Colleague: 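Let me begin by handing over the structure; questions about it come next.
A quick note: this is a predicted structure, and the numbers were derived from the prediction, not measured. Values below: every heavy atom of this structure, side chains too, minus hydrogens, waters and symmetry copies.
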Amino acid sequence: MASPIAPFLFSLFIFMHLGSSVEGRTRHYTFNVQLQNVTRLCKTKNILTVNGKFPGPPVVAREGDRVVINVTNHVSNNVSFHWHGIRQLLSGWADGPAYVTQCPVQTGQSYAYNFSITGQRGTLWWHAHISWLRATLYGPLIILPFKNTSYPFPKPYKEVPIIFGEWFNADTEAVISQALKTGGGPNVSDAYTINGLPGPLYNCSANETFKLRVRPGKTYLLRMINAALNDELFFKISNHTFTVVEADAVYVKPFETDVVVIAPGQTTNVLLKTKANPAATTFFMAASPYFTGQGTFDNTTVAGILQYKLPHKTANVIPLQIPPLPPFNATSVVANFSSKFRSLASAQFPANVPQTVDRKFLFTVGLGSNPCPKNQTCQGPNGSMFAASMNNVSFTNPTTVALLQTYFSGRSNSVYTTDFPASPLMPFNYTGMPPNNTKAGNGTKVVVLPFNTTVEVVMQDTSILGAESHPLHLHGYNFFVVGQGFGNFDHRKDPPKFNLLDPVERNTIGVPSGGWAAIRFRADNPGVWFMHCHFEVHLSWGLKMAWIVLDGELPGQKLPPPPPDLPNC
């Protein structure tokens, strides 16, 4: 039986062929958000899709292209889309997070996301950015280099997207709605998926298995994307190794590994060199979660198959075995993997890390609680409601207007305040014994930055309600990860160890469980930019904030007015 993913891969190769042709520099796409019956794990459910496809269609363009994606909403849910990792230089109106840069697209309405790709090439992705709709609304966003420009690594024989997701038998909107109502943790997913398929380790899913068909002695570029809602993942292919060459659409110094760690929101490109004389025709690939927090999680494994195309039939001499994946709490494996990432820092691909810093911030990130409303029973810690926060501010999204609109119009009164704290107001031993008071404050607070400010942010995990790795994503920017460590950040001892020569450049960083990560960026893109945990449950609980970057003095440093079709709330 042919793999159900074949049409998805075929469409990608077709689009990549189009992307290399000599046509206009504007790429047009049409996204119709519509319901589609999809069967997984022997259960059929009506899911939200783009153009009836799951995962959604690939968006492919070249560096320097303009992309116009016309979204029409044919479902009852309000929707918005984020083009994850796109810098959106002077196009913040197209960034997509609901109530941050736009009101969502309502039923029967349309909106054209219009942006240019400047100084970027590699693998990114797109997803819905409202509530938990990205559970099924996601797909690859691939930026090819300028025409006649080669990769800084051997040209692959083929390129294949590997998108990890989570499948829920239940309606994910009902899952998060119930959790927010009761204050407890949400029900976990029923399966992980590779390119939308759960694979043979799940009930009645042997025919829903992703198969990567390869030829011996060839090099394949795997464009890996973690679109899972709430889980970081380990990934392996039995008896094979990878060469990591890119992270979050930025080339890195190549390094070898037999395991890939990838957090929600992150993308990682790896070269897979197939064996010249494989001992078997098929090998398992598999992914399982990395989790150190408290509570439940989906502790299952998704598997796919690497299948060799051989000139003559060869019997398996190695039994098909799941590759040995790390334990679910293998923080040392994660730390070892993440420490290997370095920017190319070459003349062609420099690492322009800010050497001096204008503004320094320390953001605690982690869980907390809110009191249970009167006359209600709550299922959070000690009868409270779960909350999540940065510097003890649990961010409250506006509901009738978007932050970018209020900022641009100068009418911010009662919508947001500009007093987001630069450091914790009440310092404590962040990774030691948690304080007795776990209550989080609530508010819509932002940080305002003058144009071209250089910024350093230390993101410090906390042990409140359990230490946990947090994938933090910054919209509108890449940042340099200049340092990481365990325990509490030390303002005297740690900065001298920062890597200011070739730190990795990313848009999403896993803040180490029980540790910290330090990032730097230059605020050279005016607008309102969301920064949040990419675990959807933590986002729903408030682990988010926003930066307002002011206009510069020159004409090319000012945010243009909103497009005429910007949705209304």
Colleague: Heavy atoms, side chains only, cut-off 4.5 Å: are M545 and F530 in contact?
Modeller: no
Colleague: Test T292 against N329 for side chain to side chain donor-acceptor pair (under 3.5 Å), laying out the working first.
Modeller: CA-CA 5 Å; T292 63; N329 59 353; over 6 Å; no
Colleague: Does atom NZ of K253 have more than 12 heavy-atom neighbours from other groups under 6.0 Å away?
Modeller: yes
Colleague: If you take all heavy atoms of L403 and P398, which pair is closest and at what distance?
Modeller: CD2-CG, 3.6 Å
Colleague: Side chain to side chain donor-acceptor pair (under 3.5 Å) between S80 and Y111: does it pass, once the steps are laid out?
Modeller: CA-CA 9 Å; S80 70; Y111 180 46; over 6 Å; no
Colleague: Apply side-chain contact (heavy atoms from CB on, under 4.5 Å) to the pair N230 and F297, showing each step before the final yes or no.
Modeller: CA-CA 9 Å; N230 294 311; F297 65 103; over 6 Å; no
Colleague: Between N488 and T431, do the side chains contain an N or O donor and an N or O acceptor separated by less than 3.5 Å?
Modeller: yes
Colleague: Count the heavy atoms belonging to other residues, nucleotides or ligands that lie under 6.0 Å from CD of E553, then report whether that count exceeds 12.
Modeller: no
Colleague: Is there a donor-acceptor pair closer than 3.5 Å between any side-chain N or O of S469 and the backbone N or O of V511?
Modeller: yes
Colleague: State, to 0.1 Å, how close Q88 and N525 come at their nearest heavy-atom pair, and which atoms those are.
Modeller: O-ND2, 3.1 Å
Colleague: For the residue pair S343 / D502, report whether a side-chain donor-acceptor contact shorter than 3.5 Å exists.
Modeller: no
Colleague: Tell me the closest heavy-atom pair linking S394 and W541, and the distance in Å.
Modeller: OG-O, 2.9 Å
Colleague: Is it true that D524 and R87 have a side-chain N and a carboxylate O under 4.0 angstrom from each other?
Modeller: yes
Colleague: Please check if the side chain of E246 supplies one atom and the backbone of T123 the other of a donor-acceptor pair under 3.5 Å.
Modeller: yes
Colleague: Which pairs count as ring pair (Phe, Tyr, Trp, His ring centres under 6.0 Å) when at least one residue sits in residues 490-514, sequence neighbours excluded?
Modeller: F489-H491
Colleague: Determine, step by step, whether M285 and K236 satisfy the side-chain contact (heavy atoms from CB on, under 4.5 Å) criterion, reporting the C-alpha distance in whole Å, the side-chain angles of both residues, the deciding distance to 0.1 Å, and the verdict.
Modeller: CA-CA 6 Å; M285 61 178 73; K236 278 190 170 189; over 6 Å; no
Colleague: Taking side chain as C-beta onward, heavy atoms only, is Y192 less than 4.5 Å from L233?
Modeller: yes
Colleague: Take V504 and V250 through the side-chain contact (heavy atoms from CB on, under 4.5 Å) test and state the conclusion after the steps.
Modeller: CA-CA 8 Å; V504 68; V250 181; over 6 Å; no
Colleague: Check for a donor-acceptor pair, side chain of R342 on one end and backbone N or O of P503 on the other, with a separation under 3.5 Å.
Modeller: no
Colleague: Quick one, N392 with L425, criterion side-chain contact (heavy atoms from CB on, under 4.5 Å). Give me CA distance, side-chain angles, the key distance, then yes/no.
Modeller: CA-CA 8 Å; N392 208 43; L425 297 180; over 6 Å; no
Colleague: With no hydrogens and no angle check, just 3.5 Å: does a side-chain donor-acceptor pair link S189 and D298?
Modeller: yes
Colleague: Is the NZ or CZ atom of R121 positioned over F146's six-membered ring, under 6.0 angstrom from the centre and within 45° of the axis?
Modeller: no
Colleague: Got a salt bridge between D551 and K558, using NZ or NE/NH1/NH2 to carboxylate O under 4.0 Å?
Modeller: no
Colleague: Do Y151 and L144 come close enough that some side-chain heavy atom pair is under 4.5 Å?
Modeller: yes
Colleague: For the residue pair F115 and S91, what are the closest heavy atoms and their distance?
Modeller: CB-OG, 3.7 Å
Colleague: Shortest non-hydrogen contact from Y138 to A135?
Modeller: CE2-O, 3.3 Å
Colleague: Are H473 and H532 linked by a side-chain donor-acceptor pair shorter than 3.5 Å?
Modeller: no
Colleague: Closer than 4.0 angstrom, basic N to acidic O: yes or no for R359 and E456?
Modeller: no
Colleague: Distance from D248 atom CG to T268 atom OG1, nearest 0.5 Å?
Modeller: 7.0 Å
Colleague: Would you please test T508 and Q266 for side chain to side chain donor-acceptor pair (under 3.5 Å) and show each step?
Modeller: CA-CA 6 Å; T508 305; Q266 291 185 332; over 6 Å; no
Colleague: Where is the tightest heavy-atom contact between P57 and W126, given as atom of each residue plus distance?
Modeller: O-NE1, 3.0 Å
Colleague: Which residue, H475, H129, H534, forms the ring-ring contact (aromatic ring centres under 6.0 Å, His included) with H84?
Modeller: H534
Colleague: Check whether any side-chain N or O of S116 sits under 3.5 Å from a backbone N or O of T118 as a donor-acceptor pair, and report yes or no.
Modeller: no
